[in-house]
Amino acid sequence: FSRYKRLKGFNVLHPMGFDSFGLPAEQYALETGQHPAVTTEKNIETFKAQLDKIGFCYDWSREIRTSDPSYYKWTQTIFLKLFNSYFCNTCKQAKPITELIEKYQSRGGSSFTAEQWKAFSDKEQADILMKRRLAFSKFGEVNWCEALGTVLANDEVVNGVSERGGHPVIKKKMRQWYLRITAYADRLLQGLETVQFSDAMKEMQRNWIGKSEGAEMEFGIRDLELGINVYTTRPDTIFGVDFLVLAPEHSLVSQITTEAEKEKIDEYLTYVKSRSDRERQSEVKQITGCFTGAYATNPFNGKPIPVWIAEYVLAGYGTGAIMAVPCGDQRDFAFAKHFNISITNIIGEHYNGEEANSTKDATLQNSGFLDGMLMKDAIAVAINKIEELGIGKRKINYRMRDAGFSRQRYWGEPFPIVWEDEIAVPLSENELPLELPHAEKYGPGPEGEGPLANMEEWVNTEKGRRETSTMPGYAGSSWYFLRYMDPNNTQTFCDRKASDYWNQVDVYVGGTEHAVGHLLYSRMWTKVLYDLGYVGFDEPFKKLVNQGMIQGSSRFVYRVAWDFNNYPDNFEPSFLPNLFISSSIFEKCKKFDSDTIEKVKDIAVKLFEKSVDNFKEFSFLPDLSFYALRVDVNFVDGLELDISEFQKWKNGAYSNSQFILENGNIYSSRLGQVGVYICGAEVEKMSKSKYNTVNPDVLVDKYGADTFRMYEMFLGPVEQSKPWDTKGIEGVHRFLKKLWRLFYTDVNPATNAPGKQVWNDEKPTDAEFKILHKTIKKIEQDTENFSYNTAVAAFMIAVNEMADAKCFKKEILSQLLIILSPYAPHITEELWSLLGCEGSILDAAYPILEEKYLVEATKEYPVSINGKMRSSVNLPTEVTEEEARQAVLSTEAITKWLEGKEIKKFIFVKGRMINVVV
RNA sequence: GCCCAUGUGGCGGAAUUGGUAGACGCAGCAGACUCAAAAUCUGCCAUUCGCAAGGGUGUGAAGGUUCGAUUCCUUUCGUGGGCACCA
């Protein structure tokens, strides 16, 4: 696209860079036993060589790497700008925090006076300001794996246990950094109106932000001076509330739980701690919850309402508490049925007792002052009443939460923050970059802190202790498009003149998987920088094209583990059997084939016995569980695993593993071939973390870069995902060879010299111009629409037509080369010079479309009878309905279908077709 | 489970956005050239009935709107992406 636009005369900024910080780079380094700085450098060189080989004309003078100090200096600078800003709720934009401090000093805040502010300690002031900063720290939950002594990313947690070792993972509260993206929720929504993203993308972002209008109201707890705040979008159903549900983490849980229920509640809380948010919401069939013993009161009719806790209510959304209306909400309904809570029907016949009905069109019954009202009308009435009684208020709520910005990892940007007496003190901008110290080992620090916590010399400064977590992978990618505009500036991250000249990114190509991550973060950063006056636009990307993913075919091995809910105290990670079963055995186990399971269990017990000295202490072993683990496709041949390669993988992490092979034998490295281990397969995103990537070099070497490029374009629409498959690449290769033969006979394979010249200087005929201009029109349309696959097809047709017409004329061929050059840069450049044309084809003038060659005098109008195609008539392109009717009625091929039938209607779709209704 | 996308020949896909379904390519079959192979060229190629002319059926499934539906609506099934520490 950039080559095309360049030919069209645009000044195209077409850079490339490397988002080289983050978990995958760190893990790759760990697996290969090298420092991430080394592996990153090496991999970048490989990528650049490959990209150049394929013929992308990237402007490498603008290259950036997010892990380079000269780049992350500015990531840290922008972080400080976020830290030193707050969101002004009246002007709805970011302002320097100094303005807020001034305001507090002169006028005070909402809950304190100016005098009180001045009397606050430094720490108290810092805490108040922290609640307003755009980059702020507070306590939040992380995945904590006690056995590994580390915090895990969601990617590293599989089925609730650590991917490495299969250890239990629980949630742990830690001090974390966050970005206050929620402050921008409304502007992120409004901004969508101004950008060209697909409707699906906009919809995803809207849903993620999840704006809803409703009411927040308080339910008093019986016999206690406490109230539970509940957020609801359906205050009209207030008389249908049969119970309240709190998130298990809700701060009131411990206070309202009665003595009688305490034990059960504690047990339930332990259970929930081991569950991820996803699991908590998705397993609808398995309903869990626990009664607290407390009762709330319905403020409108005084009815006592039992208060429960349940995992399906999340602490992070709304107030962390819901009012449950079983007749109107399916999850509440299932919960009520499961725990035998009686259901109040407020919608009469709309509720059938079998399932909930979330309609807003029912007339309310059993609903006090709302009786007889349509539900959708009752919403406003109910909110007004709630506000009138002072028990709650109208509220707009967002589903989106603030973005977690700390990682307990090594390979990321260090925070330019020093903690002095529990106060976060920023470095000044001229102290940046705060370089990531070189570490030989980057294992976890104490208490779940990041690896940097182990580096005493670096951590401890004169003033205090440095922040030891690092920024997440998306930090550097939230603003890099700005750096491309001014990549070598040492004074600022991007001069305003540069960003004013280039302005927004005109076309941004990225996958939908970024919808609710990168594409929201970068929009937010741009808005902040706009508010603070550093850039002149508040949306970074004018137009977004979602390229589909080339998917990979992943391979799986199946691991056996003990299904301990919690490991016994004396259980050590090394006790795990590390046993893998072949695909068909896994399938049988999944179907609870008892013979197979017994056999597997026998082997697992034997292995367990061998590795555990005090085996007798584990008199009771729980059932086995089985889970799939991805392996690198590069050591799976078809579906067959190369076991010795697998055992060497990840620095020998699986070196002591055992295998039950497809035929039931146990693998032995000494006995040699006793059977094969068959892997499972699945098509999914091609990704380093899924170990299913394939390398383009082989194909480029075999067919050349042009064939590779065009084949990839020809595969299908850019926005569509598809598994990588080289079937069909021959066709594109043949096309390029055929193109060559319009100019020269075949290349002499011995000398590699072009064959005999075929092209000539003759004057083209109108028919030949027609082929050319038809192609120009089609290619322009398709390229502008990113419909590359149909463009390639059009080239194939054009070349076939020219070959058939024996059109070997330079005037036509040179024009064809220009429009083809963005698609196949190498061969077109070569032929361009062989034709004796001046300079590089990249600097040629794009041909101007001449419509006169495309005008048709007559046109074939398809004729259908009752919508069914029966024939066609040839008519002038400009024809009246009456003329068309006459032509149709005098065409024998058509009248034979109309014989004896009465014509009811004659439909003439101008320029398209004719339909006769009989 | 929730949100988004998607489903068309043996395969990748096309279809003027509601108007001749299967462009283009792969694979396959038949033929030409060749001692032979490769390369190249020509023809056939959804399915079914028919010698043919010509019919019938057909865009995951079931309904609906329309003169006319791959396209719009409803329900349903399958697949892919996302679900907050991969980015």
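Convention: sequence-line order gives letters A, B, ...; per-chain numbering from 1.
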(message) Ignoring hydrogens and geometry beyond distance, is a side-chain donor-acceptor pair present between A/His733 and A/Thr707 at under 3.5 Å?
(response) yes
(message) Please report the distance separating the C1' of B/G18 from the corresponding atom of B/U71, rounded so that it comes out in whole Å.
(response) 7 Å
(request) Would you indicate what A/Met913 reaches in the nucleic acid, counting non-hydrogen atoms under 4.0 angstrom: base, sugar-phosphate, or nothing? (result) base
(request) Name the closest nucleotide to the A/Met204 side chain, picking from B/C24, B/C85, B/C4. (result) B/C4
(request) Classify the nucleic acid contact of A/Asn800 as base, sugar-phosphate or nothing, counting any heavy atom under 4.0 Å across all strands shown. (result) sugar-phosphate
(message) Please classify the nucleic acid contact of A/Val142 as base, sugar-phosphate, or nothing, using heavy-atom distances under 4.0 Å.
(response) base
(message) Quick check for you: among B/A14, B/G82, B/C41, whose closest atom lies nearest to any side-chain atom of A/Thr790?
(response) B/A14
(message) Whole angstroms only, please: what is the CD-C1' distance between A/Glu730 and B/G12?
(response) 15 Å
(request) Could you tell me whether the phosphate oxygens of B/G13, OP1 or OP2, come under 4.0 Å of any side-chain nitrogen or oxygen in A/Gln720? (result) yes
(request) For A/Gly716 and for A/Ala200, find the nucleotide of RNA chain B with the closest heavy atom, then tell me which residue's nucleotide is more 5'. (result) A/Ala200
(message) From CG of A/Leu314 over to C1' of B/C2, roughly how many Å is that when rounded to an integer?
(response) 11 Å
(request) Could you tell me the separation between the OG atom of A/Ser406 and the CZ atom of A/Phe415, rounded to the nearest 0.5 Å? (result) 4.5 Å
(message) As a test of reading the structure: which of B/G13, B/A87, B/C85 is closest to the side chain of A/Pro717, going by heavy atoms?
(response) B/G13
(request) Could you tell me whether A/Gly473 contacts a base, only the sugar-phosphate backbone, or nothing, with contacts defined as non-hydrogen atoms closer than 4.0 Å? (result) sugar-phosphate
(message) If I take atom CG in residue A/Asp746 and atom P in nucleotide B/U40, what distance separates them, rounded to the nearest angstrom?
(response) 8 Å
(request) Going by the salt bridge (charged side-chain N to carboxylate O under 4.0 Å, His left out) test, name the single residue among A/Lys774, A/Lys806, A/Lys738 that passes it with A/Glu801. (result) A/Lys774
(message) Does A/His518 reach a base, just sugar-phosphate, or nothing at all? Heavy atoms under 4.0 Å.
(response) nothing
(message) Between A/Glu413 and A/Thr470, is the side-chain hydrogen bond (donor to acceptor under 3.5 Å, both in side chains) condition met? List the steps.
(response) CA-CA 5 Å; A/Glu413 300 87 345; A/Thr470 53; over 6 Å; no
(request) Ignoring backbone atoms, test whether A/Asn789 places a side-chain nitrogen or oxygen under 4.0 Å from the OP1 or OP2 oxygen of B/A14. (result) yes
(request) Could you measure between the two C1' atoms, the one in B/C29 and the one in B/G19, and give it in whole Å? (result) 34 Å
(request) Using a heavy-atom cut-off of under 4.0 Å over every strand shown, decide if A/Ser406 touches base, sugar-phosphate, or nothing. (result) base
(message) Using a heavy-atom cut-off of 4.0 Å across all strands, would you classify A/Met201 as base, sugar-phosphate, or nothing?
(response) nothing
(message) Among B/A84, B/U40, B/G19, which nucleotide has an atom closest to any side-chain atom of A/Asn154?
(response) B/A84
(message) For B/G1, give the paired nucleotide (Watson-Crick: N1-N3 plus N6-O4 or O6-N4; G-U: N1-O2 and O6-N3; both under 3.5 Å), or none.
(response) B/C83
(message) Strictly by Watson-Crick or wobble contacts shorter than 3.5 Å, is anything paired with B/G7, and which nucleotide is it?
(response) B/C77
(message) Regarding A/Lys650 and A/Asp632, does a basic nitrogen lie under 4.0 Å from an acidic carboxylate oxygen?
(response) no
(request) Describe the nucleic acid contact of A/Lys904 in one word from base, sugar-phosphate, nothing, applying a heavy-atom distance below 4.0 Å. (result) nothing
(message) Please classify the nucleic acid contact of A/Phe714 as base, sugar-phosphate, or nothing, using heavy-atom distances under 4.0 Å.
(response) base
(message) Suppose you measure atom C1' in B/U17 against the same atom in B/A21; what distance do you get, rounded to whole Å?
(response) 15 Å
(request) For A/Gln551, answer base if it contacts any base atom (sugar-phosphate contacts may also be present), sugar-phosphate if it contacts only those atoms, and nothing otherwise; contact means non-hydrogen atoms under 4.0 Å. (result) sugar-phosphate
(message) Let's see if you can work this out: which of B/C85, B/G25, B/A15 has an atom nearest to the side-chain heavy atoms of A/Met796?
(response) B/G25
(message) Could you tell me how far apart A/Phe21 (CZ) and B/C85 (C1') are, to the nearest whole angstrom?
(response) 16 Å
(message) Does either side chain, that of A/Gln408 or that of A/Glu447, offer a donor lying less than 3.5 Å from an acceptor on the other one?
(response) no
(request) Syn or anti for B/U70, please, going by whether the chi angle lies within 90° of 0. (result) anti
(request) Based on the glycosidic angle (syn within 90° of 0, else anti), state the conformation of B/G63. (result) anti
(message) Using a strict threshold of under 4.0 Å (side-chain N to carboxylate O), is an ion pair present between A/Lys859 and A/Glu856?
(response) no
(message) Looking at A/Lys172 and A/Glu141, is there a salt bridge between them, counting it only when a charged N and a carboxylate O are closer than 4.0 Å?
(response) no
(message) Base of B/C3, side chain of A/Glu203 - is there a donor-acceptor contact under 3.5 Å?
(response) no
(message) Tell me whether the side-chain N/O atoms of A/Lys722 come closer than 4.0 Å to OP1 or OP2 in B/U6.
(response) no
(message) Between A/Asn207 and A/Met869, which residue's closest nucleotide on RNA chain B lies nearer the 5′ terminus?
(response) A/Asn207
(request) Verify whether the ring centers belonging to A/Tyr474 and A/His518 lie closer than 6.0 Å. (result) no
(request) Determine: side-chain N/O of A/Lys727 to OP1/OP2 of B/A27, distance under 4.0 Å, yes or no. (result) no
(message) For the C1' atoms, the ones on B/G22 and on B/U8, what distance do you get once it is rounded to whole angstrom?
(response) 8 Å
(request) Compare side-chain N and O positions of A/Arg734 against OP1 and OP2 of B/C26 and report whether any pair is under 4.0 Å apart. (result) yes
(request) Whole angstrom is fine here: how far is it from CG in A/Asn785 over to C1' in B/A15? (result) 15 Å
(request) Write down the distance between CZ (A/Arg399) and P (B/C4), rounded to a whole number of angstrom. (result) 11 Å
(request) Under 4.0 Å between any heavy atoms, over every strand shown, what does A/Val516 touch: base, sugar-phosphate, or nothing? Just pick one. (result) sugar-phosphate
(request) Once you apply the 3.5 Å cut-off to both distances, tell me the Watson-Crick or G-U wobble partner of B/G28, or none. (result) B/C44
(request) Have a look at A/Asp19 and say if it touches a base, only the backbone sugar-phosphate, or nothing, with a 4.0 Å heavy-atom cut-off. (result) sugar-phosphate
(message) For a quick check of understanding: with a heavy-atom distance under 4.0 Å over all strands, which category does A/Trp411 fall into, base, sugar-phosphate or nothing?
(response) nothing
(request) May I ask you to say whether A/Glu156 pairs ionically with A/Arg409, meaning some side-chain N is under 4.0 Å from a carboxylate O? (result) yes
(request) Just compare B/G13, B/G80, B/C83 and give me whichever is closest to any side-chain atom of A/Trp208. (result) B/C83
(message) Can you check the distance between B/C49 and B/G10, where both ends of the measurement are the P atom (answer in whole Å)?
(response) 16 Å
(message) I'd like the P distance from B/C45 over to B/A39, given in whole Å.
(response) 24 Å
(request) Tell me whether the OP1 or OP2 atom of B/C85 has a side-chain N or O from A/Arg409 closer than 4.0 Å. (result) no
(request) Look through every strand shown and name the nucleotide pairing with B/G22 as Watson-Crick or G-U wobble, where both distances are under 3.5 Å. (result) none
(message) Without decimals, in angstroms, what is the distance between A/Leu179 CG and B/C85 C1'?
(response) 13 Å
(request) Please report, rounded to the nearest Å, how far the C1' atom of B/G54 is from the CZ atom of A/Arg870. (result) 11 Å
(message) Students often get this wrong, so: under 4.0 angstrom with heavy atoms, is A/Ile907 touching a base, only sugar-phosphate, or nothing?
(response) base
(request) Please state the P separation for the pair B/A62 and B/A69 - nearest whole angstrom. (result) 15 Å
(message) Please tell me if A/Arg278 has a side-chain N or O lying less than 4.0 Å from either OP1 or OP2 of B/C2.
(response) no
